[in-house]
Undergrad: 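Please read through the structure below; I'll follow up with questions.
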Protein chains: 2
Amino acid sequence: MKIPKPTIKRLALYYRCLNRYREEGVNFVSSKDIAERLNLKPSQVRKDLSYFGEFGKRGLGYNVVKLVDELARIIGVNKVWNVAIIGAGNLGTALANYPGLLKHKFKVVALFDNDREKVGKKIAGIPVFHVGDLIRLTQELNIEICVIAVPELAAQRVAEIAEEAGVKGIVNFSPVKLRTSIPVEDVDITLSFETLAYNILKANPEMLKLIEEQ
Amino acid sequence: MKIPKPTIKRLALYYRCLNRYREEGVNFVSSKDIAERLNLKPSQVRKDLSYFGEFGKRGLGYNVVKLVDELARIIGVNKVWNVAIIGAGNLGTALANYPGLLKHKFKVVALFDNDREKVGKKIAGIPVFHVGDLIRLTQELNIEICVIAVPELAAQRVAEIAEEAGVKGIVNFSPVKLRTSIPVEDVDITLSFETLAYNILKANPEMLKLIEEQ
DNA sequence: TAGATTGTTAATCGATTAACAATC
DNA sequence: TAGATTGTTAATCGATTAACAATC
């Protein structure tokens, strides 16, 4: 069956939302409850879940613990993923320090850089290796996901090395459209600022005049 | 006229793509050229642009310099935006150090934190203030955009202060759905990792078995 | 003029939502 | 049983794309 791409993103939102219900000690939730918290329609919640099975009980709703488990299995976060960050600059360092990743089962096991100064040091307790060792260490450390946090110009090259090394997927922070045959998820921070700028101008048409004068 | 949301994201992509053409010294490009670079359909490029005007010449294509200017104006990046980062932790620090922001006309003019240890110091040359001064400094420094880089629990509260201070829009790095009346752009890094995990499992069904054994 | 490419229409495709029978 | 809520169908809505007349 064809699953809409937006459904996948929402699945991860449901997972978080249900986890919170679990923490609150709630046993059953309805699609209406979930929808309210996430600002969606109940029918969308039910439809999204229905792509993967029948998890609810009519008249009752969904068993929170059971649905959390099912969602973890569907998304693939019922296992720990080994992650390597390529590029130990500001962004790479911030990600290595970010506790949210491990909390969500993404374990940063290595950093890579081409700066010999950084190689051999540790960042947030994680060793920094030379990019030249990526292929060897991917096997040794069982690296499954690579984060690309290198400058634009190096991004495609690094992606190719990662793919050759046998990495299963890439989270790409560079503004480049990567050409690979493995799954890539793009995080484009500047794009978000630009979209916001557009939306601000749309919401504040009077600003346009001021800009012309600037 | 109703403009599709995906069109806005693509507008920022066109802007970058056209800038590159300009750097390469290209004078005219066709919708086919742009589409090829961005992996889109030419008719989509033309349709997207047509929401905002008639920028091309039949038989010739688009004048690169002219279209770059038009796109900058439409997106709103023909002016410098003053940005404040709230939360001077790892993420806030990484963003303050990120040169891509200024390059795209987003100027970080202040950091805010509630840790008195950090207040008064500078990060990447940018002063750190106490969150309590946000309202006052928003006026003084003409802060237009706030970046929310604080822990989940503080996010909604900070958003409300920012809105009260008169900020025009928010880039939200917390995993919380903010309730505001000003535009918000969400950047959810963990969500990207989870989406990638799902796509990796879909591309590698044999991994599912291994996980069950884990 | 002939070839190329636009801007726009209409068709298609994909995602969301309302409605409701099934059933707890 | 009566009330609640699911899972699913069909209708609606929104976005993409092919096609083509207009025109450089």
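Quick note: numbers below take in every heavy atom, side chains included, and nothing from hydrogens, waters or symmetry partners. These numbers come from a predicted model, not from an experiment.
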Undergrad: Strictly below 4.0 Å, heavy-atom distances to any atom of DNA chain D: list the hits from residues 58-66 of chain B, or just say none.
TA: B:R58, B:G59

Undergrad: Could I get the full list of side-chain contact (heavy atoms from CB on, under 4.5 Å) partners for B:V26, not counting sequence neighbours?
TA: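 side-chain contact (heavy atoms from CB on, under 4.5 Å) check on B:V26 returns B:Y21, B:E24, B:V29, B:V64.
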
Undergrad: Restricting to side chain to side chain donor-acceptor pair (under 3.5 Å), what partner residues turn up for B:R157, sequence neighbours left out?
TA: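 Per chain and number, B:R157 pairs via side chain to side chain donor-acceptor pair (under 3.5 Å) with no residue.
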
Undergrad: So which of residues 39-48 of chain A are in contact with DNA chain D, with a heavy-atom cut-off of under 4.0 Å?
TA: A:R46, A:K47

Undergrad: Measure the spacing between NZ of A:K105 and OG1 of B:T190 and express it to the nearest 0.5 Å.
TA: 14.0 Å

Undergrad: Go through the structure and list residues passing side-chain contact (heavy atoms from CB on, under 4.5 Å) with B:T195, not counting sequence neighbours.
TA: A:I8, A:K9, A:E185, B:N199

Undergrad: Name the stems with DNA chain C in them: runs of three or more consecutive Watson-Crick or G-U pairs, distances under 3.5 Å?
TA: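 If one scans DNA chain C for consecutive Watson-Crick or G-U pairs, the stems found are C:3-24 with D:3-24.
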
Undergrad: In terms of ring plane angle, is the pair A:F193 and B:F106 parallel, tilted or perpendicular, where the classes change at 30° and 60°?
TA: tilted

Undergrad: Quick one: side-chain contact (heavy atoms from CB on, under 4.5 Å) partners of B:L141, sequence neighbours excluded?
TA: B:V109, B:A110, B:F129, B:L137, B:I143

Undergrad: Would you jot down, in residue-number order, the residues of residues 6-31 of chain A having a non-hydrogen atom under 4.0 Å from DNA chain D?
TA: A:S30, A:S31

Undergrad: Looking at residues at least two apart in the chain, or sitting in another chain, which of them share a ring-ring contact (aromatic ring centres under 6.0 Å, His included) with A:Y14?
TA: none

Undergrad: Are A:Y62 and A:F55 near enough that their ring centres are under 6.0 Å apart?
TA: no

Undergrad: Students should find this one: the first and last nucleotides of DNA chain C, 5' to 3', lying under 4.0 Å from a heavy atom of chain B. What are they?
TA: C:dA4 to C:dT9

Undergrad: Taking only residues two or more places apart in sequence, or in another chain, which ones meet B:A72 in a side-chain contact (heavy atoms from CB on, under 4.5 Å)?
TA: B:Y15, B:V77, B:N78

Undergrad: If the threshold is 4.0 Å, N to carboxylate O, is there a salt bridge linking A:E144 and A:K107?
TA: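 So A:E144 does not pair with A:K107 through a salt bridge.
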
Undergrad: Going by the side chain to side chain contact (heavy atoms under 4.5 Å, CB included) test, name the single residue among B:D113, B:V147, B:V150 that passes it with B:I85.
TA: B:V147

Undergrad: Looking at every non-hydrogen atom in both residues, tell me the closest pair between A:I126 and A:A96 and how far apart they are.
TA: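 Nearest heavy atoms, A:I126 then A:A96: CD1-O, 3.9 Å.
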
Undergrad: Name every donor-acceptor pair, under 3.5 Å, that has one atom in a side chain of residues 170-177 of chain B and the other anywhere in the protein, sequence neighbours excluded.
TA:
{"residue": "B:N172", "atom": "OD1", "partner": "B:S174", "partner atom": "N", "Å": "2.9"}
{"residue": "B:N172", "atom": "OD1", "partner": "B:S174", "partner atom": "OG", "Å": "2.9"}
{"residue": "B:N172", "atom": "ND2", "partner": "B:S174", "partner atom": "O", "Å": "3.3"}
{"residue": "B:N172", "atom": "ND2", "partner": "B:V176", "partner atom": "O", "Å": "2.9"}
{"residue": "B:N172", "atom": "ND2", "partner": "B:D186", "partner atom": "OD1", "Å": "2.8"}
{"residue": "B:S174", "atom": "OG", "partner": "B:V176", "partner atom": "N", "Å": "3.3"}

Undergrad: Quick test of your reading of the model: are B:D48 and B:K41 salt-bridged, counting only N-O distances below 4.0 Å?
TA: no

Undergrad: Taking all heavy atoms of B:S192 and all of A:V187, pick out the closest pair and write down the distance.
TA: OG-CG2, 3.5 Å

